[in-house]
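One structure is given here, and the rest of the page talks about it.
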Amino acid sequence: MKRIIFSIALIAFIAGMATAKGKTTSGNPVFPGWYADPEGTVMDGKFWIFPTYSAPFDEQTFMDAFSSPDLVNWTKHPRVLEKANVSWARRAMWAPAIVKKDNKYYLFFGANDVHEGEIGGIGVAIADRPEGPYKDALGKPLIGNIVNGAQPIDQFVFRDDDGTYYMYYGGWRHCNVVRLADDLLSLVPFDDGTMYREVTPDNYVEGPFMFKRNGKYYFMWSEGGWTGPNYCVAYAISDSPFGPFNRVGKILQQDPNVATGAGHHSVIQIPGKDEWYIVYHRRPLGETDGNYRVTCIDRMEFDSNGFIKPVKMTFEGVKKVKKPKK
């Protein structure tokens, strides 16, 4: 009997390996489970996604990560950050943002769904490997107060060409930008002495993201309610990381044939190429549970004038790409 069981297990393993080896597109969602707010990036010769674990707030007490050599085959790295390693976090751990600097990995996260007078906000944890484990670096939030009406959540860290690190963040329809110190563990003032600048564009709700292409700053964000079908992504283009960010329009939104609630995204550029992918969450058709969100990837392209073309959501996902050297 043991021999039969072993043989069945071996056959299943071989079949699984053949299926994985023969997989040519990622499929959407790209990995199983309820995950939202995905941060996609390239580190150490792999593609990475750090998402929010999508569940009721009191169950959002950890974060998983996923890595891939080709955008198609993904490996899960469970519980890279847990509330046990963050003394002030108790629930609602949201929207990770990852940065590698000086061979250390900095994971920025929101916690506690903080309101005025409460403890919580944006924290930062550090690890020696991208898959963690991450431990709280400060023993308190990096940003814990409501400034300019922006709830301190949904942080994204952007490194400009001159090496300056900016953090864009904010819920409740307000977005701030701050400048990070060189150690990424504190804030430093702008040239005019201020610490926070509001950069809220029209229709902004949450989920800011920034990238740079051909010398232009592309600022992106989510609009609508995160539990509803109309959640979507819009963008602006500017000559400065501080704006003004005049809204161009939506580039990702629900498709009645594919999914609803498409938003809170990030963008991956293939190193050295003008090749771009949008990583986002969406809600399968017919699902009404606000937490039923899955992580997907589709191509993001530009027209000849540099505007982002509307993204077509797919079930197929994206094709294999070469392992990044970065």
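The first residue of the sequence shown is numbered 1, and numbering continues consecutively from there. None of these values were measured; they are calculated from a predicted model.
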For this session: Apply the test side-chain contact (heavy atoms from CB on, under 4.5 Å) to residues Cys232 and Leu252: give CA-CA distance (whole Å), side-chain angles for both, the deciding distance (0.1 Å), then the verdict.
Result: CA-CA 6 Å; Cys232 60; Leu252 178 69; 5.9 Å; no

For this session: Could you tell me whether the side chain of Gln155 and the main chain of Ala95 form a donor-acceptor pair under 3.5 Å?
Result: yes

Exercise. Could you give the distance from OG (Ser68) to NZ (Lys46), rounded to the nearest 0.5 Å?
Worked result: 9.0 Å

For this session: Output yes when a side-chain donor or acceptor of Asp160 lies under 3.5 Å from a complementary backbone atom of Gly163, and no otherwise.
Result: no

For this session: Quick one: closest heavy-atom pair of Val114 and Gly144, and the distance?
Result: CG2-O, 4.4 Å

Seminar exercise, completed: Going by chain and number, the hydrophobic cluster around Val188 (ILVMFWY, side chain to side chain under 4.5 Å) further includes none

For this session: Linking directly or through intermediates, with side-chain heavy atoms under 4.5 Å: list the remaining ILVMFWY members grouped with Ile98, chain and number order.
Result: Met43, Trp48, Phe50, Met63, Val80, Leu81, Val86, Trp88, Met93, Tyr105, Leu107, Phe109, Ile119, Tyr134

For this session: Look at the side chain of Asn145 and the backbone N and O of Val147, then say whether any donor-acceptor pair between them is shorter than 3.5 Å.
Result: no

Problem set entry | Other residues, nucleotides, ligands: >12 heavy atoms within 6.0 Å of Phe307 CZ | no

Problem set entry | Parallel, tilted or perpendicular: rings of Phe242 and Tyr166 (30°, 60°) | perpendicular

Exercise. Hey, mind stepping through Lys320 and Asn73 against side-chain contact (heavy atoms from CB on, under 4.5 Å) and telling me if it holds?
Worked result: CA-CA 9 Å; Lys320 276 186 178 181; Asn73 299 289; 3.8 Å; yes

Exercise. How far apart are the C-alpha atoms of Trp172 and His115, what are their side-chain angles, what is the distance that settles it, and do they pass the ring pair (Phe, Tyr, Trp, His ring centres under 6.0 Å) test?
Worked result: CA-CA 11 Å; Trp172 297 348; His115 297 72; 5.3 Å; yes

For this session: Output the distance between atom CG (Asp202) and atom CG (Asn246), rounded to the nearest 0.5 Å.
Result: 7.5 Å

Seminar exercise, completed: To the nearest 0.5 Å, atom CG of Asp102 lies from atom CG of Leu184 at 8.5 Å

Problem set entry | Asn148, CG atom: more than 12 neighbouring heavy atoms under 6.0 Å | yes

For this session: Flag yes if more than 12 heavy atoms outside Lys322 fall under 6.0 Å of its NZ atom; otherwise flag no.
Result: no

Exercise. Would you find more than 12 non-hydrogen atoms of other residues, nucleotides or ligands less than 6.0 Å from Asp191 atom CG?
Worked result: no

Exercise. Does a side-chain N-to-carboxylate-O contact under 4.0 Å join Arg247 and Glu223?
Worked result: yes

Problem set entry | Asp274 atom CG, over 12 foreign heavy atoms within 6.0 Å | yes

For this session: Give a yes or no on whether Lys101 atom NZ has more than 12 heavy-atom contacts from other residues, nucleotides or ligands under 6.0 Å away.
Result: yes

Exercise. What distance separates Glu39 CD from His265 NE2, expressed to the nearest 0.5 Å?
Worked result: 10.5 Å

For this session: Grab the two heavy atoms, one from Ser26 and one from Gly317, that are nearest each other, plus how far apart they are.
Result: OG-CA, 3.3 Å

Exercise. OG of Ser67 to CZ of Phe47: how many Å apart, nearest 0.5 Å?
Worked result: 11.5 Å

Problem set entry | Gap between atom CZ of Arg173 and atom CD of Glu206 - 0.5 Å precision | 9.0 Å

Problem set entry | Basic-acidic side-chain contact under 4.0 Å: Lys323, Asp70 | no

Problem set entry | Residues Trp221, Phe245; criterion ring pair (Phe, Tyr, Trp, His ring centres under 6.0 Å); working and verdict | CA-CA 11 Å; Trp221 62 90; Phe245 297 120; 7.9 Å; no

For this session: Go through His264 and Tyr231 one step at a time and tell me if the ring pair (Phe, Tyr, Trp, His ring centres under 6.0 Å) criterion holds.
Result: CA-CA 8 Å; His264 202 130; Tyr231 202 52; 7.2 Å; no

Problem set entry | NZ or CZ of Arg299 within 45° of Tyr277 ring axis and under 6.0 Å | yes

Exercise. Counting only N and O atoms by type, is there a donor-acceptor contact under 3.5 Å from the side chain of Asn28 to the main-chain atoms of Ile297?
Worked result: yes

Problem set entry | Minimum side-chain heavy-atom gap Ile143-Asn176 below 4.5 Å | no

Problem set entry | Audit row: Leu185, Ile126, side-chain contact (heavy atoms from CB on, under 4.5 Å) steps and yes/no | CA-CA 10 Å; Leu185 300 179; Ile126 301 179; 4.0 Å; yes

Exercise. Once the angle between the rings of Phe108 and Tyr106 is folded into 0 to 90°, is it parallel (under 30°), tilted (30 to 60°) or perpendicular (over 60°)?
Worked result: parallel

Seminar exercise, completed: Only residue of Phe62, Phe66, Trp94 satisfying ring pair (Phe, Tyr, Trp, His ring centres under 6.0 Å) with Tyr53 is Phe62

For this session: Compare every heavy atom of Lys23 with every heavy atom of Val72, then report the nearest pair and how far apart it is.
Result: O-NZ, 3.4 Å

Exercise. In the hydrophobic cluster built from side-chain contacts under 4.5 Å, what are the other members alongside Val294?
Worked result: Trp34, Tyr292

Exercise. Can you name the closest pair of heavy atoms from Ala65 and Pro51 and give their distance?
Worked result: CA-CD, 4.4 Å

For this session: Could you please spell out the steps behind the ring pair (Phe, Tyr, Trp, His ring centres under 6.0 Å) verdict for Phe156 and Tyr168?
Result: CA-CA 5 Å; Phe156 173 70; Tyr168 298 84; 7.3 Å; no

Exercise. Do Gln254 and Asn230 meet the criterion of a side-chain donor-acceptor pair at a distance under 3.5 Å?
Worked result: yes

Seminar exercise, completed: For Met195 and Val178 the tightest heavy-atom approach is O-CG1, 3.3 Å

For this session: Report the residue from Thr52, Asp64, Thr295 that forms a side-chain hydrogen bond (donor to acceptor under 3.5 Å, both in side chains) with Tyr35.
Result: Asp64

For this session: Look only at the side chain of Arg282 and the backbone of Pro29, and say whether a donor-acceptor pair between them is shorter than 3.5 Å.
Result: no

Problem set entry | Pairing of Arg91 and Asp58 as salt bridge, 4.0 angstrom limit | yes

Exercise. Looking at Asn257 and Leu285, what are the two nearest heavy atoms and their distance?
Worked result: C-CD1, 3.7 Å

Exercise. Between Leu180 and Leu142, does a side-chain contact (heavy atoms from CB on, under 4.5 Å) hold up when you go through it step by step?
Worked result: CA-CA 10 Å; Leu180 293 173; Leu142 173 65; 4.0 Å; yes

Exercise. Parallel under 30°, tilted from 30 to 60°, perpendicular over 60°: which one fits the rings of Tyr204 and Phe219?
Worked result: parallel

